[in-house]
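Take a look at the structure below.
Both backbone and side-chain heavy atoms feed into the values below; hydrogens, waters and symmetry mates do not. No experiment lies behind these values; they were computed from the predicted model shown. Residue numbers start from 1 in every chain, and the chains themselves are labelled A, B, ... in the order their sequence lines are given, proteins ahead of strands.
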Amino acid sequence: MSDTRFDPSSADGRWQKAWDEAECFRADSGSEKPKSYVLEMFPYPSGRIHIGHVRNYTMGDVLARYKKMRGHEVLHPMGWDAFGMPAENAAMEKGVHPGKWTRENIESMKAQLKRLGFALDWSRELATCEPDYYGHEQALFIDLYEAGLVYRKESEVNWDPVDMTVLANEQVIDGKGWRSGAEVEKRKLNQWFLKITDFAPELLEGLESLDKWPEKVRLMQENWIGKSRGLQFAFDISNGEKLEVYSTRPDTIYGASFVAVAADHPIAQALASEDAEAAAFIEKCKRGGTTAADLETAEKLGYRTQLTAQHPLIEDCELPLFIANFVLMDYGTGAVMGVPGHDQRDFEFAKKYHLRIQRVVGTSTADADRPLGAGAEPGEGVLVNSGPLDGMDVDTAKREVIGRAEKEGWGEGKTVWRLRDWGVSRQRYWGTPIPFVHCEKCGVVPVAKSDLPVTLPDDVDFQTPGNPLVRHPTWKHTQCPKCGGEAVRETDTLDTFVDSSWYFLRFASQPGDRPFDPEEVAKWLPVEQYIGGIEHAILHLLYARFWTRALARLGQIDFTEPFASLFTQGMVTHETYYRREPETGRVVYFAPDEIERNGQGAILKDDGFPISIGRVVKMSKSKRNVVDPDTIIAQYGADAVRWFMLSDSPPERDLPWSESGIEGCARFVQRVWRLVGEHDPQATGEDAELARKTARTVHDVGETIEALHFNKAVAKLYELVGAIEKADASADRTNAIETVFMLVAPMMPHLAEEAWAAIGNTSLVAAAAWPEVDEALLQDESVTIAVQHKGKLRDTLTAPKGASKEVLEEMALASEKVQRSLDGAEIRKVIVVPDRLVNIVT
RNA sequence: GCGGGUGUGGCGGAAUGGUAGACGCCGGGGACUUAAAAUCCCCUGUCCUUUGGACGUGUGGGUUCGAGUCCCACCACCCGCACCA
């Protein structure tokens, strides 16, 4: 048996079946063991599992299996984030119903996941597109509404004037609709919002408790929430009205040289009715989409109105009032004071419209007359050209101006948040119907909970652009739950981020009559380890945090943070292969299976001529650098694929896929398998060094898995396997081989089971206990000491562990190499770090 | 534009401020074999006047006995920016 090769094509399926039959990975909430909830971000069922999913779920799987071996009751579930635009696109392009398309995708993707041998509790599987999920979501949405956390307001969307439909940001390409090619406009619609801003302070403060989240994610969320302290004050406008503005830099108020309002500011709207040019400019501002990146990279444009604003601190100083495309109605008051010297955007605007650019902050008071060079200086410094503020530092000046405004009554200090309320309305079919009706008599009324779920109609057509729910002949017509009269259903559906804001609760318990069972939820939540892509650092994670806090405020759960520990993994990348067409200069990409690598270069199989190897980038259809998990599993087996996902690259960084890399992994799987033939229960005798190495590896692999440093765990296992191969037979070697099988069990579980059985075990290694370590074996007796001179390594010596400084210094000076380097120079100082190094300074 | 991150041999990477390049891949040489595959062994940062030495962690400065690691400035790339999920 042992001289044959390990055959994944038979072993993988056999062990997957054995785990299933033993219900090995079913989470028992009644268990007395400590509980661990390991969760990976659930996938969108796009059709095929992507190699990025494989990486994500392999990491979670290793942790889940490891935790089980360490005696934990593990909840490791899987589900489907099943609503979304691609299903509607498929309906439009292929004429297939979104539900059919989605459910078929789920079936094939589930089969793919099963082939990877993940330790998942499939009994808890859920799909957000099923009424038994989204119906409970509708109930929660009504709960939030009744708690005052849901409201409606006008808000801008991307409007395609040809298709007469709302476009997602993704569907706007270079300012044009992706299908019609028409120039996109901004249009206002009445939409549903969740009051996430009510939670801004606690979402910010809560970040401090998330000490097992990556620092960068907390920082990004902090900046996104964007708490700022500034001054809100009113300008007197030449038409007799007041204009409220907000500024985070009131210290620079003496440098103000203009005032600007958003295109949809009431003042601008009022002007439009009497000033045709102003109206034309406002119309122009409506062009283009709604994304922040577009707005901020667009050319700064303004329209100079006839109005002026009196500077609050400088007598007879009238500032011109502009309507500007870069001022947002959503932030602050929709109006700003422009200080070109110390804000880059204002600087560019001032250059363009020939406005005064005055320095009011410098490195010292001597800077007063130093002109501003190429751009604004937004940093810290000392106030100049600012009357009574001269000489103050920025922070003092801020406090001074706010204090004066409050005393004199023309403004007040105010905390403003960058975070905006969460718009959850989507004018689309394939999403959770918003459970409300519009009644002429009673207004907006929630659907009675006893009438939930409000289900999507199946008979819809996608041949016409726009929301099929609006066109449906009967679906939206209903009775008002309050007065019983005729009423119309809300046709907007919920943002899919709502679906993913509470699925982790539904995994913990799935009662039919309510969203979750609080007692079951209390047993498992918060999620001990959450793993997913860094691209979700802000939106998904912030919305899930908000939703959890909202439910806590409603008393439905008693914790406020859903994910105790978060890990964000890197992408899987692949090199690209291309040729440039000689005539057109266009780049044509080739798929990995169309080419053959030869040393440094590559050739196209079709014609045998070389092709160029491009940069290593994220796998994408357009670059054709995608590898399909099914193909590689069939070729190398699940364990080799899993091992590759864990090897080499640190998990938070990108992992470049390579043919030679996976081949190396497949070779290592066989290398571990060959240890079965070396396993000799009769072997006697000690091998103290190997025993120490084994103990050290058990300790290190456990520690690195817990820290999610899988690449280091992999390297340690390579080292131990190498050491075993070199060692002679002994009882310690036999033990080391058994230990290896247990240590690789979380990573290459199929091989581990096969080997475990082959050496005579009748139970599953997946259910085995992690090996114990004899602490005494972790202590080294001697250490290697580095000896430096002039900052360079000159020699190394072996010394007993814990040797004194004096002894180490003496040993270092006795070295011939060191003496040669010293060459008789006078020793000025010797630095000795015990167990580490000796550094001689001359 | 704004916010966040990353940068070390041919490649992926390792390294509590203390021996830079562990481990893996690629490449070269050898063993076994009729041959191949598989497997095993050795070499493998660059340069030089080669039992030795110099240089070397994106670039330029700085702190330190000592910097991949800390500080400042810059460059390149990646992620996010509220309707992709």
Side-chain angles (χ1 to χ4, degrees), chain A residues 5 41 43-44 46 81 83-86 157-158 166-172 214-217 219-224 226 289-298 300 326 330 344-345 348 418-428 495-497 500 533-540 542-543 568 570-571 573 575 597 599-600 615-618 647-650 652-656 658-665 667-668 670-671 674 711-712 714-719 722 725 784-788 790-796 817 820 828-831 833 836-841:
Chain A
R5 293 172 62 76
M41 293 179 184
Y44 177 76
S46 57
D81 190 12
F83 275 136
M85 280 203 314
V157 293
N158 304 306
V166 176
L167 298 177
N169 287 336
E170 188 190 52
Q171 298 170 317
V172 179
E215 182 63 33
K216 60 178 171 183
V217 175
L219 241 181
M220 280 190 260
Q221 293 217 351
E222 184 183 327
N223 291 332
W224 184 262
T290 56
T291 74
D294 281 348
L295 295 175
E296 284 172 39
T297 50
K300 313 289 175 278
F326 63 87
D330 287 324
Q344 187 57 29
R345 219 166 39 178
E348 285 165 30
R418 205 186 76 98
L419 183 68
R420 305 201 302 260
D421 274 337
W422 177 12
V424 292
S425 276
R426 298 293 180 271
Q427 293 70 41
R428 281 192 269 281
D495 179 4
T496 56
F497 275 127
S500 52
I534 184 69
E535 68 273 19
H536 293 294
I538 296 175
L539 294 180
H540 161 58
L542 191 62
Y543 292 147
T568 57
M571 297 178 303
T573 57
E575 59 189 7
R597 290 229 43 174
Q600 305 290 310
R615 298 195 325 163
V616 178
V617 297
K618 179 178 182 172
S647 305
D648 295 354
S649 288
E652 68 279 9
R653 291 232 217 128
D654 290 352
L655 169 68
S658 75
E659 198 73 12
S660 53
I662 183 70
E663 280 167 9
C665 292
R667 272 201 298 276
F668 184 67
Q670 298 298 340
R671 228 173 116 192
R674 282 196 296 276
N711 57 321
K712 295 182 200 169
V714 162
K716 297 285 176 195
L717 282 163
Y718 275 119
E719 285 187 44
E725 287 167 341
T784 307
I785 305 289
V787 184
Q788 296 181 333
K790 286 197 248 173
K792 298 275 176 226
L793 181 73
R794 302 299 163 179
D795 199 3
T796 57
K817 287 178 181 173
R820 205 184 311 146
R828 294 199 320 216
K829 198 173 171 187
V830 178
I831 291 144
V833 182
R836 278 274 169 191
L837 63 63
V838 179
N839 190 3
I840 302 163
V841 186

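- Put simply, CE on Met571(A) is 5 Å from P on C79(B), counting in whole angstrom units.
- For the C1' atom pair drawn from C11(B) and U44(B), the interatomic distance equals 14 Å after rounding to whole Å.
- Nearest-nucleotide positions on RNA chain B place Gln670(A) closer to the 5' end than the other of Gln670(A) and Thr290(A).
- If you measure from atom CD1 of Ile662(A) to atom P of G24(B), you get 17 Å, rounded to the nearest angstrom.
- Atom-to-atom, CD of Glu719(A) to P of A22(B) comes out at 10 Å; the value is rounded to the nearest Å.
- Residue-level contact check: Ala537(A) touches neither bases nor backbone, having no heavy atom under 4.0 Å from any strand.
- Closest approach to the Arg674(A) side chain among U39(B), G24(B), G3(B) is made by U39(B) (side chain taken as heavy atoms from C-beta onward).
- Residue-level contact check: Ser46(A) touches neither bases nor backbone, having no heavy atom under 4.0 Å from any strand.
- The side chain of Arg667(A) contributes an N or O atom lying less than 4.0 Å from OP1 or OP2 of C26(B).
- Ranking A85(B), A20(B), U39(B) by closeness to the Phe497(A) side chain, first place goes to A85(B).
- Taking CZ of Arg653(A) as the reference point, atom OG1 of Thr573(A) lies at 12.0 Å (rounded to 0.5 Å).
- Comparing atom distances between the Pro656(A) side chain and each of C55(B), G4(B), G12(B) picks out G12(B) as nearest.
- Using atom P as the reference point in both G12(B) and U19(B), the two lie 24 Å apart (nearest Å).
- With P as the reference atom, U57(B) and U49(B) are 23 Å apart, rounded to whole Å.
- Here the separation of G61(B) from U39(B), taken at their P atoms, is 49 Å to the nearest Å.
- Between the NZ atom of Lys792(A) and the P atom of G18(B) there is a distance of 16 Å, rounded to whole Å.
- Within 4.0 Å (heavy atoms only), Asn711(A) reaches sugar-phosphate atoms of the nucleic acid but no base atom.
- Looking at heavy-atom distances under 4.0 Å, Gly423(A) makes contact with sugar-phosphate atoms alone, never a base.
- One donor-acceptor pair, N or O on each side, does fall under 3.5 Å between the base of C83(B) and the side chain of Arg428(A).
- Taking the C1' atoms as reference points, G58(B) lies 22 Å from A54(B), given to the whole Å.
- You'll find that the side chain of Ala292(A) is closest to C81(B), out of G3(B), G18(B), C81(B).
- At least one donor-acceptor pair under 3.5 Å links the side chain of Asp654(A) to the backbone N or O of Met571(A).
- With hydrogens and angles ignored, a donor-acceptor pair under 3.5 angstrom links the side chain of Gln427(A) to the base of C83(B).
- For the pairing with Asn711(A), the side chain to side chain contact (heavy atoms under 4.5 Å, CB included) check across Ser647(A), Pro650(A), Ser649(A) returns one residue only, Pro650(A).
- Against the 90° criterion about 0, the sugar-base torsion of G9(B) places it in the syn range.
- Of all nucleotides present, only C75(B) satisfies the Watson-Crick or G-U wobble test against G7(B), with each distance under 3.5 Å.
- In this structure, the nucleotide among C79(B), G18(B), C84(B) sitting nearest to the side chain of Met85(A) is C84(B).
- Side-chain N or O atoms of Glu348(A) include none that pairs as donor or acceptor with a backbone N or O of Arg345(A) at under 3.5 Å.
- Put simply, Thr496(A) has a side-chain N or O that comes within less than 4.0 Å of OP1 or OP2 on A85(B).
- Among the atoms of the strands shown, base atoms are found under 4.0 Å from some heavy atom of Asn839(A).
- At a threshold of 4.5 Å between non-hydrogen side-chain atoms, the residues Glu170(A) and Met85(A) count as touching.
- Here Arg820(A) lies in heavy-atom contact (under 4.0 Å) with sugar-phosphate atoms only.
- Among the heavy atoms of the strands lying under 4.0 Å from His536(A) is at least one base atom, whether or not backbone atoms are also near.
- Residue Ser660(A) places its side chain closer to C26(B) than to any other of G4(B), C26(B), A82(B).
- Spacing of P atoms, U8(B) relative to U59(B), comes out at 10 Å, to the nearest Å.
- Residue contacts shown for Pro650(A) are limited to sugar-phosphate atoms, with no base heavy atom under 4.0 Å away.
- At the phosphate of C78(B), neither OP1 nor OP2 sits under 4.0 Å from any side-chain N or O atom of Arg653(A).
- Taking syn as a glycosidic angle within 90° of 0, U6(B) does not qualify and is anti.
- Nucleotides U16(B) and A82(B) are separated by 41 Å at their C1' atoms, to the nearest Å.
- Here the nucleotide nearest the side chain of Arg420(A), chosen from G80(B), U16(B), A82(B), is A82(B).
- With C40(B), A85(B), C78(B) as the choices, the nucleotide that has an atom nearest any side-chain atom of Arg671(A) turns out to be C40(B).
- Taking the six-membered ring where tryptophan is involved, the planes of His540(A) and Phe497(A) are essentially parallel, since the angle between them stays under 30° and well short of 60°.
- In this entry the distance linking CD1 of Ile534(A) with P of C79(B) reads 12 Å, nearest Å.
- Residue contacts shown for Trp422(A) are absent, as no nucleic acid heavy atom lies under 4.0 Å away.
- Closest to the side chain of Ile538(A), from the set A85(B), G80(B), C83(B), is G80(B).
- Atom P of nucleotide A15(B) and atom CG of Asp648(A) are separated by 13 Å, given to the nearest angstrom.
- Within the 4.5 Å cutoff, side-chain heavy atoms of Val217(A) are placed close to those of Thr568(A).
- No donor-acceptor pair under 3.5 Å is formed between the side chain of Arg794(A) and the backbone N or O of Gln788(A).
- When side chains are defined from C-beta on, Val841(A) counts as touching Ile831(A), because their heavy atoms get closer than 4.5 Å.
- Put simply, CD on Gln788(A) is 11 Å from C1' on G17(B), counting in whole angstrom units.
- Counting any heavy atom pair closer than 4.0 Å across all strands shown, Leu419(A) reaches a base atom.
- Residue Leu219(A) is classed as a sugar-phosphate contact, given heavy-atom separations below 4.0 Å to backbone atoms only.
- The base of C83(B) does not come close enough to the side chain of Asn169(A) for any donor and acceptor atom to sit less than 3.5 Å apart.
- For Lys829(A) and U64(B), the NZ to P distance is 11 Å, given to the nearest whole Å.
- Backbone-only engagement by Lys712(A) is indicated by non-hydrogen atom pairs under 4.0 Å involving sugar-phosphate atoms exclusively.
- Across the P atoms, U69(B) and G60(B) are found 13 Å apart, a figure rounded to whole Å.
- Thr290(A) and Asn158(A) form a side-chain donor-acceptor contact under 3.5 Å, judged by distance and modelled atom types alone.
- With A82(B), G4(B), A14(B) as the choices, the nucleotide that has an atom nearest any side-chain atom of Leu539(A) turns out to be A82(B).
- Among the atoms of the strands shown, none is found under 4.0 Å from any heavy atom of Ser658(A).
- At the heavy-atom level, Val157(A) lies under 4.0 Å from base atoms of the strands shown.
- At least one side-chain nitrogen or oxygen of Asn223(A) sits closer than 4.0 Å to the OP1 or OP2 atom of G4(B).
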